[in-house]
Amino acid sequence: MDLDQERDLLLERDAEWARAAFEGKEVEYVLSFWTADAIVMAPGLPAVLGKAALREYVLGSLQIPGFSINWTTTDVTFSPDGNLAYLLSRNVITMNGPDGARNTTQGRAVTIWRREPDGQWYCALDIWN
């Protein structure tokens, strides 16, 4: 396995996911980047477990006035067998505050990606602060 090539593929896939999430138009496409058993841990909220709960989470986020999310990933580290990887990212989340003014928060994230039987990478754990 060529890990340099896998790193490039994974960064490209993550950037594609970031574009889809930022556009916020195709919920099923956004969801397609997570594993079926994915866990999302957002600051101050209970863990979101699995695709059904993630669908509700994404739909709810898109209902927040002025909501947008974007991130940039720069670091990829692979497990020794090359079937897991963790990525380090910087994110920007924007939404309208109670007074209607736009509020932007910057944070950091760690995602853990798993190569599934189809050979494609999917996010299994998504944590940010």
Side-chain angles (χ1 to χ4, degrees):
M1 176 183 324
D2 181 345
L3 291 184
D4 287 332
Q5 181 180 2
E6 289 300 310
R7 177 178 287 107
D8 291 345
L9 290 171
L10 194 47
L11 286 171
E12 185 178 305
R13 184 152 167 80
D14 186 68
E16 182 181 344
W17 188 23
R19 281 189 300 275
F22 179 75
E23 291 170 3
K25 296 176 183 171
E26 298 180 42
V27 172
E28 293 306 313
Y29 185 55
V30 172
L31 290 169
S32 74
F33 290 86
W34 278 301
T35 61
D37 61 348
I39 301 169
V40 170
M41 299 175 76
L45 298 174
V48 181
L49 310 168
K51 285 276 181 102
L54 284 167
R55 183 175 289 103
E56 295 304 314
Y57 177 76
V58 170
L59 288 169
S61 296
L62 295 174
Q63 297 303 311
I64 297 170
F67 176 83
S68 70
I69 184 169
N70 203 357
W71 64 89
T72 303
T73 300
T74 55
D75 298 311
V76 178
T77 302
F78 291 97
S79 64
D81 68 0
N83 288 315
L84 289 174
Y86 67 84
L87 283 62
L88 304 178
S89 307
R90 296 253 177 214
N91 58 42
V92 178
I93 299 171
T94 303
M95 63 185 78
N96 295 350
D99 61 356
R102 295 196 47 87
N103 182 11
T104 299
T105 304
Q106 296 185 19
R108 297 175 294 173
V110 175
T111 53
I112 298 177
W113 291 68
R114 181 173 68 213
R115 186 193 323 272
E116 293 290 284
D118 67 0
Q120 184 62 269
W121 289 97
Y122 297 90
C123 182
L125 181 63
D126 189 347
I127 304 170
W128 72 90
N129 64 9

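Starting from 1, each residue takes its place in the sequence as its number. Fair warning: this is a prediction, and the values are worked out from it, not measured in the lab.
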Smallest separation among heavy atoms of [X] and [Y], with atom names:
X: Thr35; Y: Ala124; value: OG1-CA, 3.5 Å
X: Gly66; Y: Asn96; value: CA-OD1, 3.7 Å
X: Cys123; Y: Leu125; value: SG-O, 3.4 Å
X: Ala85; Y: Trp121; value: N-CZ3, 3.9 Å

*Quick one: CG on Asn83 to CZ on Arg115, what's the gap to the nearest 0.5 Å?*
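Reported to 0.5 Å precision, the distance equals 5.0 Å.
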
*asked:* Nearest 0.5 Å, please: how far is OH in Tyr86 from CG in Asp75?
replied: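 Spacing of CG (Asp75) from OH (Tyr86) equals 8.5 Å.
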
Over 12 foreign heavy atoms within 6.0 Å of [atom1], [X]:
X: Arg102; atom1: CZ; value: yes
X: Phe67; atom1: CZ; value: yes
X: Glu12; atom1: CD; value: no
X: Met41; atom1: CE; value: no

*Residues two or more places apart in sequence or in another chain: which of them pass side chain to side chain donor-acceptor pair (under 3.5 Å) with Gln106?*
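Per chain and number, Gln106 pairs via side chain to side chain donor-acceptor pair (under 3.5 Å) with no residue.
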
*asked:* If hydrophobic clusters are built from ILVMFWY residues whose side chains come within less than 4.5 Å, do Val27 and Met95 share one?
replied: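 Yes, Val27 connects to Met95 through the hydrophobic network.
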
*asked:* Using the rule that Ile, Leu, Val, Met, Phe, Trp and Tyr join whenever any side-chain heavy atoms are under 4.5 Å apart, tell me whether Leu54 and Tyr29 fall into a single cluster.
replied: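 Result: yes, single cluster for both.
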
*Would you check, one step at a time, whether the test side chain to side chain contact (heavy atoms under 4.5 Å, CB included) holds for Trp128 with Val40?*
CA-CA 9 Å; Trp128 72 90; Val40 170; 3.5 Å; yes

_Under a 3.5 Å distance rule, please check whether Asn70 uses its side chain to pair with a backbone N or O of Val92 as donor and acceptor._
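Pair absent, no side-chain N/O of Asn70 close to backbone of Val92.
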
*Without hydrogens or angle criteria, can the side chains of Ser79 and Asp81 be said to hold a donor-acceptor pair below 3.5 Å?*
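Yes.
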
_Side chains of Asp14 and Trp71: any donor to acceptor distance under 3.5 Å?_
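Yes, side-chain donor-acceptor contact under 3.5 Å.
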
*On the 0 to 90° scale, with breaks at 30° and 60°, tag the Trp17-Phe33 ring pair as parallel, tilted or perpendicular.*
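It falls in the parallel class, under 30°.
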
*Please assess Leu31 against Glu28 for the test side chain to side chain contact (heavy atoms under 4.5 Å, CB included), listing each intermediate value before the final yes or no.*
CA-CA 5 Å; Leu31 290 169; Glu28 293 306 313; 3.8 Å; yes

*Less than 4.5 Å apart, any side-chain heavy atom of Leu88 and any of Val110?*
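Result yes, sub-4.5 Å side-chain heavy-atom pair found.
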
